[in-house]
Amino acid sequence: MGNFKRVCVFCGSNSGNRKIFSDAALDLGTELVERKMDLVYGGGSVGLMGIVSQTVFDGGCHVLGVIPTALVPLEISGHAVGEVLIVSDMHERKAEMASRADAFIALPGGYGTMEELLEMITWSQLGIHDKPVGLLNVDGYYDCLLGLFDKGVEEGFIKPSARNIIISAKTSRELIQRMEEYMPLHDQVASRQSWNIEENHTESL
């Protein structure tokens, strides 16, 4: 896959109950700065979102936050970090984040983080994109989710080649290195061109 310049990070608007999660967000932000990678994220200035975005911004890289109008008073505390794009809803938020990034990384988070991660995995499987999708498995936080994916393969619901879509590692450096080496092995459900044709057709209706 090679190097990428803009990384979309999915993460919690909470910091979690243990310092190890905040440390991981700080480490990821530092790693992005060292590699001169820009950040696309959910736009909040609190929780792990706030830590990773402030670290990247302070390091001199571009930060773009994409946030729905309804979440502005809940997730932006005091001041926004970097450039902020306010959108109408969650669907537009995810579409903007996906289109503006070259790769995706999920830090620990709740339902929203997992939903965003799973959608990017699904979009890769469907052929909507071929960008690397990484999971920063801090202190085994995502062990159960990764185990569920393996169970899906075992029970015949996930193809073994599609299991390769998700790249996981315990440290930011190792994760980004693996993502840069990523090559899709799965058969896409439909070509990217066919998805683009479908989108263009819908827009013209």
**Request:** Tell me, with the steps shown, if Thr30 and Leu32 meet side chain to side chain contact (heavy atoms under 4.5 Å, CB included).
**Result:** CA-CA 5 Å; Thr30 302; Leu32 294 178; over 6 Å; no
**Asked** Got a salt bridge between Arg100 and Glu96, using NZ or NE/NH1/NH2 to carboxylate O under 4.0 Å?
**Response** yes
**Complete:** Of all heavy-atom pairs linking Val56 and Met37, the shortest is CG1-O, 4.2 Å
**Asked** Between Asp102 and Arg6, is there a donor-acceptor pair closer than 3.5 Å when you use the side chain of the first and the backbone of the second?
**Response** yes
**Request:** Taking all heavy atoms of Arg93 and all of Val66, pick out the closest pair and write down the distance.
**Result:** NE-O, 2.9 Å
**Atom of Asp139, atom of Arg18 and distance for their closest heavy-atom approach** = OD2-NH1, 2.7 Å
**Request:** Answer yes when Glu154 and Arg163 have at least one side-chain N-carboxylate O distance shorter than 4.0 Å, and no when they do not.
**Result:** no
**Considering all heavy atoms, the nearest Val46-Ser13 contact** = CG2-O, 3.5 Å
**Fill in**
Here the gap from Ser124 atom OG to His129 atom NE2, rounded to the nearest 0.5 Å, amounts to 5.0 Å
**Prompt:** What's the spacing between Asn164 CG and Lys159 NZ if we round to 0.5 Å?
**Reply:** 14.0 Å
**Prompt:** Hey, are Arg178 and Glu181 close enough for a salt bridge, meaning a charged N less than 4.0 Å from a carboxylate O?
**Reply:** no
**Message:** I'd like to know if the side chain of Tyr41 reaches the main chain of Gly44, judged simply by a donor and an acceptor atom lying under 3.5 Å from each other, with no hydrogens or angles considered.
**Reply:** yes
**Short side-chain to backbone donor-acceptor contact, Lys151 and Leu146, under 3.5 Å** = no
**Asked** Between Thr69 and Val87, does a side chain to side chain contact (heavy atoms under 4.5 Å, CB included) hold up when you go through it step by step?
**Response** CA-CA 6 Å; Thr69 303; Val87 296; over 6 Å; no
**Request:** Determine the minimum heavy-atom distance between Tyr142 and Gly109, stating which atoms define it.
**Result:** OH-N, 3.4 Å
**Item:** Under 3.5 Å donor-acceptor, Glu92 side chain and Ser88 backbone
**Value:** yes
**Request:** First locate atom OG1 of Thr122, then atom CD of Glu115, and finally report the distance between them rounded to the nearest 0.5 Å.
**Result:** 9.5 Å
**Item:** Closest heavy-atom pair and its distance - Tyr182, Asp130
**Value:** CE2-O, 4.0 Å
**Prompt:** Parallel, tilted or perpendicular for Phe10 and Phe104, by the 30°/60° rule?
**Reply:** parallel
**Message:** What I'd like to find out is whether the side chain of Val133 reaches to under 4.5 Å of the side chain of Leu117, using heavy atoms alone.
**Reply:** yes
**Message:** Contact between Ile67 and Ile86 at the side-chain level, heavy atoms closer than 4.5 Å - yes or no?
**Reply:** yes
**Prompt:** Is the closest side-chain donor-acceptor distance between Ser172 and Asp27 under 3.5 Å?
**Reply:** yes
**Message:** Is any side-chain heavy atom of Leu107 closer than 4.5 Å to one of Thr113?
**Reply:** no
**Request:** Before giving the answer on side chain to side chain contact (heavy atoms under 4.5 Å, CB included), spell out for Phe4 and Met179 the whole-Å C-alpha distance, their side-chain angles and the decisive distance to 0.1 Å.
**Result:** CA-CA 9 Å; Phe4 35 86; Met179 291 172 68; 3.8 Å; yes
**From CD1 (Ile166) to CG (Asn137), nearest 0.5 Å** = 10.0 Å
**Prompt:** Side chains of Ser168 and Leu175: does their closest heavy-atom pair fall under 4.5 Å?
**Reply:** no
**Complete:** One should read off an interatomic distance between Leu135 CG and Lys170 NZ, to the nearest 0.5 angstrom, of 13.0 Å
**Request:** In sequence, state the C-alpha distance, the side-chain angles, and the governing distance for Ser53 and Leu39, and then conclude on side chain to side chain contact (heavy atoms under 4.5 Å, CB included).
**Result:** CA-CA 7 Å; Ser53 61; Leu39 172 70; 3.9 Å; yes
**Prompt:** Less than 4.0 Å between a side-chain N and a carboxylate O, is that true for Lys94 and Glu116?
**Reply:** no
**Request:** Decide yes or no for Met120 and Lys131: does some side-chain heavy atom of the first lie under 4.5 Å from some side-chain heavy atom of the second?
**Result:** no
**Prompt:** Would you call Val7 and Asp38 a side-chain contact if the rule is heavy atoms closer than 4.5 Å?
**Reply:** no
**Request:** Determine whether Pro184 and Ile165 make a side-chain contact, defined as any pair of heavy atoms from C-beta on separated by less than 4.5 Å.
**Result:** no
**Request:** Kindly compute the distance separating CD (Gln125) from CG (Leu118), expressed to the nearest 0.5 Å.
**Result:** 11.0 Å
**Item:** Side-chain heavy atoms of Arg35 within contact of Ile176, under 4.5 Å
**Value:** yes
